[in-house]
Amino acid sequence: MATTAKPARRIEPGTYEAYMRDCPAVALLSTISNRWVSLTMCTLGSYGDAMRYSHISREIPGVSQKMLSQTLRMLERDGIVKRTVTPTVPVRVDYELTPLGQGLYGLLSQVRDCAVDKTDEVDEARARYDTRQADE
C-alpha cells in the first residue's frame, strides 16, 4: 500500500508560523538562540554604546576571533547590529545595536537574568536526576 505525503502548507507573505519548518521566523529563532549571538548582543546591549571589536572580544570569555567576526557579520546582515567604519589610521570599527537589536536585547537580557537566577535550581534538579539514574 502506497502512502502519500501531506502537501506542504504555503506561507503567505507577511504571515509567519514559527512551528513550520520552512517559516522565515525559524531562521531568526535559530539565530537569536545561538550562544555567541546571545552573548554578543547582551555585551553590546549592557554597554549601551558603540563598542570596538577588541572591547567586545575582551568581554566575552572563550569566543574566538573567527567566531566573533562571523557573529557580528551575521547580526549586521540581519539588521540587529550596526557597523561603523571611521577612516583613521588605524581604521576604527565600532559596533552597536540597532533599534531592532535593542528590542531583541530586552528579551535576551531577561532570558540571561533568568538563567543566572535559576542556575542553582537547575544544578539541583540535575543532581537529583543523575542520582535516580545511577540507582536504576
Side-chain angles (χ1 to χ4, degrees):
M1 172 164 84
T3 59
T4 57
K6 203 169 155 185
R9 288 181 24 208
R10 284 197 73 244
I11 301 171
E12 295 299 321
T15 62
Y16 303 104
E17 295 182 35
Y19 292 106
M20 290 181 62
R21 183 182 64 227
D22 297 330
C23 180
V26 172
L28 181 57
L29 283 170
S30 178
T31 296
I32 63 176
S33 65
N34 174 288
R35 170 187 180 186
W36 299 116
V37 166
S38 299
L39 291 172
T40 301
M41 288 184 63
C42 284
T43 298
L44 288 166
S46 63
Y47 190 69
D49 202 3
M51 294 178 76
R52 295 184 77 169
Y53 178 93
S54 59
H55 188 179
I56 300 168
S57 180
R58 282 192 305 272
E59 295 293 319
I60 305 174
V63 69
S64 68
Q65 184 177 357
K66 178 182 177 184
M67 185 53 65
L68 182 56
S69 295
Q70 288 175 346
T71 299
L72 287 166
R73 225 177 287 123
M74 178 175 47
L75 291 172
E76 181 184 9
R77 180 175 184 255
D78 288 347
I80 295 169
V81 165
K82 177 183 171 192
R83 178 179 183 260
T84 305
V85 178
T86 306
T88 58
V89 178
V91 173
R92 178 184 174 111
V93 181
D94 293 294
Y95 297 90
E96 61 187 312
L97 293 177
T98 63
L100 173 62
Q102 290 168 359
L104 289 172
Y105 165 69
L107 297 170
L108 284 175
S109 66
Q110 290 177 19
V111 172
R112 178 202 57 210
D113 294 345
C114 181
V116 168
D117 291 344
K118 301 298 181 185
T119 296
D120 290 339
E121 289 179 53
V122 171
D123 287 345
E124 290 168 9
R126 288 176 178 166
R128 286 191 305 273
Y129 177 88
D130 293 344
T131 301
R132 282 195 315 270
Q133 293 301 313
D135 292 342
E136 288 181 5

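All values below were derived from every heavy atom in this structure, side-chain atoms included, with hydrogens, water molecules and symmetry-related copies excluded.
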Name the atoms and distances for all side-chain donor-acceptor pairs under 3.5 Å in residues 47-56, with sequence neighbours left out.
residue: Tyr53; atom: OH; partner: Gln65; partner atom: O; Å: 2.9
residue: Tyr53; atom: OH; partner: Ser69; partner atom: OG; Å: 3.4

Show me the donor-acceptor pairs within less than 3.5 Å that the side chains of residues 25-39 make with the rest of the protein, sequence neighbours left out.
residue: Thr31; atom: OG1; partner: Ala27; partner atom: O; Å: 3.1
residue: Ser33; atom: OG; partner: Leu29; partner atom: O; Å: 2.9
residue: Ser33; atom: OG; partner: Ser30; partner atom: O; Å: 3.1
residue: Asn34; atom: OD1; partner: Trp36; partner atom: N; Å: 2.7
residue: Asn34; atom: OD1; partner: Val37; partner atom: N; Å: 3.0
residue: Ser38; atom: OG; partner: Ile32; partner atom: O; Å: 3.1
residue: Ser38; atom: OG; partner: Asn34; partner atom: O; Å: 3.1

Review item, side-chain donor-acceptor pairs of residues 101-112, under 3.5 Å, at least two apart:
residue: Ser109; atom: OG; partner: Tyr105; partner atom: O; Å: 3.1
residue: Ser109; atom: OG; partner: Gly106; partner atom: O; Å: 3.0

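The salt bridge (charged side-chain N to carboxylate O under 4.0 Å, His left out) contacts involving residues 86-108 comprise Arg92-Asp94, where partners must be two or more places apart or lie in separate chains. Residue pairs meeting the salt bridge (charged side-chain N to carboxylate O under 4.0 Å, His left out) criterion with at least one member in residues 69-90: none, sequence neighbours excluded.
A distance of 11.0 Å separates OG1 of Thr71 from OH of Tyr95, quoted to the nearest 0.5 Å. One finds the CD atom of Glu59 at 12.5 Å from the SG atom of Cys42 (value rounded to the nearest 0.5 Å).
Closest approach of Val63 to Ile60, counting heavy atoms only: CG1-O, 3.2 Å.
Checked against side-chain contact (heavy atoms from CB on, under 4.5 Å), Asp130 has no partners two or more places apart in sequence or in another chain. Partners of Glu121 under the side-chain contact (heavy atoms from CB on, under 4.5 Å) rule, at least two apart in sequence or in another chain, are Lys118. Applying the side-chain contact (heavy atoms from CB on, under 4.5 Å) test to Val122 and every residue at least two apart in sequence or in another chain returns Arg126. Taking the side-chain contact (heavy atoms from CB on, under 4.5 Å) definition, one finds that Thr131 meets it with Asp135, sequence neighbours left out.
There is no path of hydrophobic side-chain contacts, each under 4.5 Å, that joins Met41 to Val116.
At least one side-chain heavy atom of Leu97 sits less than 4.5 Å from a side-chain heavy atom of Val81.
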